[in-house]
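Here is the structure we will look at, set down as structure tokens.
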Amino acid sequence: MTFEELGLCAPLLKALAAEGYVSPTPIQLQAIPFAMAGRDVQGIAQTGTGKTAAFALPILHRLAANPKRVGPGGCRVLVLSPTRELASQIEESFRAYGKFMNLKTTVMFGGVPKGRQARAMQMGVDVLVATPGRLMDHMQDRTVRLDGVEILVLDEADHMLDLGFIVPIRRIVQQIPQQRQTLFFSATMPGEIGGLAGQMLKNPAHVAVTPVATTAERVEQHVIMVETSRKRAVLFDLLMGPAAGRTLVFTRTKHGADRVVKYLEESGLAAAAIHGNKSQGQRERALADFRSGRCRVLIATDIAARGIDVDGVTHVINYDLPNVAESYVHRIGRTARAGATGVAISLCDGEERAFLRGIEKLIRAKVPVMNPPAAPAQKRAA
Ligand code: AMP
């Protein structure tokens, strides 16, 4: 099945060709026909499955089929996203896929001044991508109005719940006409998320790809048992190892991330961190350096890493094991994108063994134990 056969309009096909997409991914094959037909969709899909295009393409197709002017402060499509990184990436995707269409898109998130975001809304836009908190601010300021929304997307609903956005989302949805199309995506669908979906969707089509365990199966996983005090040195040795390529390192805390960067830089290895205490500019620079290969090690916290889209990550290293087993699967999924395989290595100290057991229960497999890499003397001296 090709994008042509899905019936997407010519400007979209041209943009997809320009992006180098040859065929739709499974979630796209499942979701696009329903969404193009105007049905509500409830999708279970993780980042990396092509879920952004699974909702962006049919939305753009529908907008193109029915061009309309938007009033001041208004938007035809509202996409809610939990983090600023994900919001920016979703907006970029809409722009990339819509580049041969005459559409206005904008993105709004916290941590940056509101003025420019308000000005971008003055004439109305076709697609607004927003984090819930900042959108609420703009609604209170009356710089955004939602009474003209035709299509609503909720992305990473489970993550929204983790971040405490459920109440803001309910408030936002109240402002949107009942007569609308709603596309609802989540990596997992626990009871509370299912309940929210039930309230927001009308007779949805259900689509799902890559259950959690399958991602885990594609990644070669290891765990190194190590004392906390030795973790930094072991990480350095792993990063200096012959096989290490583009590596994403996860820490549990922002300070932990900063400490790791400091240690690596003092040891002569360039690394950058992204987390919630970094400014938008710092995060974007770190990501750009990592994408371009100028810096092959990126240290991230779970929240900062969720949704960032970097292809070609060969290794994920869990400097700390996450206390939520699902996060482990999200983390290691960053290396097995678009069918590629990758390596995930976790450093586990005595206190983290319980987390490891939880992870092994979730993925229904034992993570093989490996020895710390042997460190040549000259590297230790570095
Ligand atoms: P997502 O799951 O939306 O974060 O997408 C993961 C990655 O897959 C992104 O880098 C997309 O640009 C890419 N992608 C999405 N759809 C396709 C496709 N049909 N063919 C090739 N790459 C794709």
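Order of listing sets the numbers, starting from 1, for every ligand and every atom in it. Quick note: residue numbers are just sequence positions, from 1.
- Between Thr314 and Val343, every side-chain heavy-atom pair lies at or beyond the 4.5 Å cut-off.
- Contact annotation: for Phe185 versus ligand 1, there are no heavy atoms closer than 4.0 Å.
- For ligand 1, one of its N or O atoms has an N or O atom of Gln28 under 3.5 Å away.
- Here Glu19 has no heavy atoms under 4.0 Å from ligand 1, in either its backbone or its side chain.
- Remark: Asn323 engages no residue in a side-chain hydrogen bond (donor to acceptor under 3.5 Å, both in side chains) (not counting sequence neighbours).
- Distances from ligand 1 to the non-hydrogen atoms of Ala45 include no value under 4.0 Å.
- Partners of Thr247 according to the side-chain hydrogen bond (donor to acceptor under 3.5 Å, both in side chains) rule, which considers only residues two or more places apart in sequence or in another chain, do not exist here.
- The nearest non-hydrogen atom to atom 21 (C) of ligand 1, considering only Phe55, Tyr21, Tyr97, comes from Tyr21.
- Between Lys231 and Glu352, at least one side-chain N (NZ, or NE/NH1/NH2) sits under 4.0 Å from a carboxylate O, which counts as a salt bridge.
- Counting the atoms of ligand 1 from 1 in the order shown, those under 4.0 Å from a heavy atom of Ser23 are 18 (C), 19 (N), 20 (N).
- In this structure, Leu154 and Ile169 have side chains that are in contact, with non-hydrogen atoms separated by less than 4.5 Å.
- Below 3.5 Å of separation, one finds no N or O of Ala53 facing any N or O of ligand 1.
- Considering only heavy atoms from C-beta on, Met160 comes within 4.5 Å of Pro132 through its side chain.
- Within ligand 1, the atoms closer than 4.0 Å to a non-hydrogen atom of Thr49 are 2 (O), numbered from 1 in the order shown.
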